[in-house]
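Read the structure below first, then the notes.
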There are 2 protein chains.
Amino acid sequence: MSQRKAPSEAGRATIRDVAEHAGVSVASVSRVLSGNYPVSDELRRRVMKVVRDLDYVTNAHARSLAGGGTPTVAILINNITGAAFAHVAKGVEGAATLRGWLSLVGTTGDDPERELALVNLMRQQGVAAVVLLGGAYDYDEYQLRMARFARSLDAAGSHLVLVGRPPLEGDVPATTVDYDNEGGAYAMASHLLSAGHRRVLVLPGPAGLTTAQGRLRGARRAFEAYGIPFDPGMIRHGPYDDTHGYTAVEAALRETPDFTAVLAGTDVVAAGAMQALRAAGRRVPEDVSIVGYDDIPLASQLTPQLTTVHVPYEEMGRVALRAVADRREGGTGRRKGADGEHLVLGTHVVVRNSVRPPAPRG
Amino acid sequence: MSQRKAPSEAGRATIRDVAEHAGVSVASVSRVLSGNYPVSDELRRRVMKVVRDLDYVTNAHARSLAGGGTPTVAILINNITGAAFAHVAKGVEGAATLRGWLSLVGTTGDDPERELALVNLMRQQGVAAVVLLGGAYDYDEYQLRMARFARSLDAAGSHLVLVGRPPLEGDVPATTVDYDNEGGAYAMASHLLSAGHRRVLVLPGPAGLTTAQGRLRGARRAFEAYGIPFDPGMIRHGPYDDTHGYTAVEAALRETPDFTAVLAGTDVVAAGAMQALRAAGRRVPEDVSIVGYDDIPLASQLTPQLTTVHVPYEEMGRVALRAVADRREGGTGRRKGADGEHLVLGTHVVVRNSVRPPAPRG
DNA sequence: TTGAAAGCGATACCAC
DNA sequence: GTGGTATCGCTTTCAA
């Protein structure tokens with residue numbers, strides 16, 4: 001009914017409400033609130049009192065339209081329940097918070113359409129960066145798709161960051177934060193080999209997924225380095241989940257039962273493998289050794305505790321955020337850092353109790 | 001240099017750029033894009049072509065300022081790496097996506113100040129609802145604090161949802177989505193009791209945390225129902241993590257070693273307990289039975305697979321979102337549903353392999 | 001069916 | 001030091 005709606009009756013109080021109640025101009029209120037401008041103590045007190053009374057907070061949308069606004073990072077993941085991704089997200093979130101940035105999380109459920117929709121949604125939100133998490137299938141189409149994302153975002157003043165995914169070829173405005181995936185697998189396989197294992201069941205993960213490919217390559221290189229033949233028949237691809245670990249081991253037990261160790265693509269796969277071995281009456285690690293990859297908390301919760309490859313997920317998240325923050329802050333004129341920046345973090349083997357030398361063959 | 005900046009040179013293209021390139025008015029572009037208004041096919045085609053050429057997406061901030069905009073839910077959690085919370089988040093996210101809503105995730109790190117800051121931040125963002133996840137310490141202060149949050153958000157046209165936390169007393173505009181925490185504990189403890197266990201080590205969780213209190217109450221009630229004395233000396237409080245499970249069992253092994261079962265506050269605590277038992281040479285479940293609570297994936301990855309209480313985390317997330325969506329959509333005049341709504345979902349015991357009748361006493 | 005113009009809430013530039 | 005006010009990009013009456 002009233003000409004100018006009272007703050008209490010119609011949603012949120014605005015800066016105008018505050019100005020009127022305090023008997024000052026909106027400009028003054030804005031100055032007090034942003035704090036980056038000299039104002040008299042008297043004015044500040046008056047304004048702040050009203051702000052408290054009205055429980056006023058500024059409208060982030062209006063602010064961001066007018067120029068200010070909190071920088072926001074968007075994290076896009078396939079599945080929020082994956083432990084590894086949660087750690088990356090934690091790293092991003094933590095580093096973002098430290099800088100007063102906001103972070104958004106979206107899940108794609110492995111659906112390319114949804115991924116596209118989300119990237120656009122984030123573009124609409126005007127996010128400072130979009131972080132895409134997790135392995136991918138590196139077809140030509142992937143490169144094309146990502147290049148398009150990168151350019152779209154770049155044109156909108158945003159930036160694409162790929163974490164744990166293959167870097168983009170050519171001159172594409174995207175940052176990649178990666179870990180030494182193949183090196184980790186090489187070290188892990190070497191660990192098995194040096195313990196004396198020769199017949200090892202390899203469960204790299206989904207065929208075609210870049211992380212799985214890298215892990216497989218690392219393992220193969222280790223075998224070569226040891227001069228040991230690498231039997232392709234001992235490789236079983238499948239999803240990164242415990243069910244696959246279980247069924248793959250079951251099958252292997254039937255078809256190639258002479259393996260003395262399992263090189264699992266992830267800790268979760270290793271957990272499934274361990275279950276299957278036990279179900280078949282094989283002891284771990286006395287009869288069969290198992291190693292994982294990722295070093296999520298699960299690894300040390302299993303019995304025996306799992307020897308695995310530590311991937312610095314949280315650190316990667318932090319690094320990713322730092323990369324976009326730097327580029328944004330250093331960017332008064334030309335952007336800081338080259339486009340197509342590719343950062344690689346190290347991995348290392350964490351030795352626990354799931355590996356023993358193979359039992360002497362009967 | 002140009003009067004009106006070209007889209008390609010200065011950040012994001014605007015609706016004006018589209019209008020000019022298409023030779024139509026901004027109003028028309030807006031209509032084509034929102035689709036909720038009749039436009040000629042010719043106009044639609046012209047506009048859409050330019051939209052594609054320019055790779056235009058609307059500015060979400062501007063849109064939301066002007067009235068439209070995507071409803072957004074904010075999820076606030078203590079620690080993003082907690083598996084249980086991840087599932088709630090997944091439920092919320094999934095349901096949000098289904099309705100075209102956006103979801104934000106923020107982490108508080110158990111810091112009340114940060115929690116406050118985040119609630120305000122979300123208020124600034126004009127979110128449709130703020131979902132607070134996880135147990136809490138229900139002091140008077142908690143009630144006051146949450147009531148304040150609830151009213152602040154309500155006044156701003158938003159809404160507070162508490163998930164897995166105690167409901168608010170009095171006439172406070174907040175929705176609570178909860179599960180039958182005490183009932184689950186009662187059932188779980190009964191399961192142990194009916195298997196013949198009498199001396200059970202209880203690890204409820206952090207003293208004072210509402211979830212821990214509820215689980216302890218449930219256990220106690222079960223003992224009473226069985227007419228079995230409940231020894232307070234068998235209760236050991238501590239954090240919901242595997243380290244606590246480990247150290248608590250170690251201590252119990254020294255001080256009250258006659259227990260035949262462990263009733264852990266969460267699956268993760270159970271995992272730690274299991275480790276400690278094994279390290280001390282006790283077999284699970286032959287010598288000691290263990291049960292958990294939550295039924296996160298870990299429960300079925302342990303050996304033996306853990307008997308535990310299933311908590312419908314993902315479902316709770318879905319329900320929480322549905323509650324706020326309903327209230328918002330049903331709200332042309334009066335709000336739908338009473339304030340202080342309290343939804344409670346059921347829990348149930350999932351029997352796996354970690355419980356055996358106690359060994360005959362020597 | 002389409003266009004012009006008045007806001008939405010906050011910022012920042014320009015006067016005083 | 002403080003107050004007007006144009007402006008950000010979009011939606012939505014109101015006219016035509």
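In what follows, chains are A, B, ... by sequence order, proteins preceding strands, each numbered from 1.
Checking dA10(C), dG1(D), dT2(C) against the side-chain heavy atoms of S28(B) singles out dT2(C) as nearest. Out of dC8(C), dT11(D), dG3(C), the shortest distance to the side chain of S30(B) is found at dT11(D).
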Please table the atom pairs, donor to acceptor, closer than 3.5 Å between any side-chain atom in residues 127-134 of chain A and protein atoms at least two apart or in another chain.
none

Donor-acceptor list for residues 25-34 of chain A side chains, cut-off 3.5 Å, not counting sequence neighbours:
{"from": "S25(A)", "atom 1": "OG", "to": "A27(A)", "atom 2": "N", "distance (Å)": "3.4"}
{"from": "S25(A)", "atom 1": "OG", "to": "S28(A)", "atom 2": "N", "distance (Å)": "3.2"}
{"from": "S25(A)", "atom 1": "OG", "to": "S28(A)", "atom 2": "OG", "distance (Å)": "3.2"}
{"from": "S34(A)", "atom 1": "OG", "to": "S30(A)", "atom 2": "O", "distance (Å)": "2.6"}
{"from": "S34(A)", "atom 1": "OG", "to": "N36(A)", "atom 2": "OD1", "distance (Å)": "3.3"}

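Residues satisfying the side-chain contact (heavy atoms from CB on, under 4.5 Å) test with E314(B), not counting sequence neighbours, are H87(B), K90(B), R318(B). With sequence neighbours excluded, the residues that form a side chain to side chain donor-acceptor pair (under 3.5 Å) with R114(B) are T97(A). Partners of E42(A) under the side-chain contact (heavy atoms from CB on, under 4.5 Å) rule, at least two apart in sequence or in another chain, are S40(A), R45(A), R46(A).
The residue among L43(A) and N59(B) whose nearest nucleotide of DNA chain D lies closer to the 5′ end is L43(A).
Each salt bridge (Lys or Arg N to Asp or Glu O under 4.0 Å) pair with one or both residues in residues 52-79 of chain B, not counting sequence neighbours, appears once here: R123(A)-D55(B), K49(B)-D53(B). Listed by first then second residue, pairs satisfying ring pair (Phe, Tyr, Trp, His ring centres under 6.0 Å) with a partner in residues 50-81 of chain A read H61(A)-H61(B), not counting sequence neighbours.
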Extract from the structure each pairing of a protein N or O with an N or O of nucleotides 13-16 of chain C at less than 3.5 Å, listing the distance.
{"from": "dC13(C)", "atom 1": "N4", "to": "R31(A)", "atom 2": "NH2", "distance (Å)": "3.1"}

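Comparing the start and finish of the helix from dT1(C)-dA16(D) to dC16(C)-dG1(D), five pairs each, the helix axis swings through 40°, to the nearest 10 degrees.
To the nearest 0.5 Å, atom CZ of residue R99(A) and atom OG1 of residue T70(A) are 15.0 Å apart.
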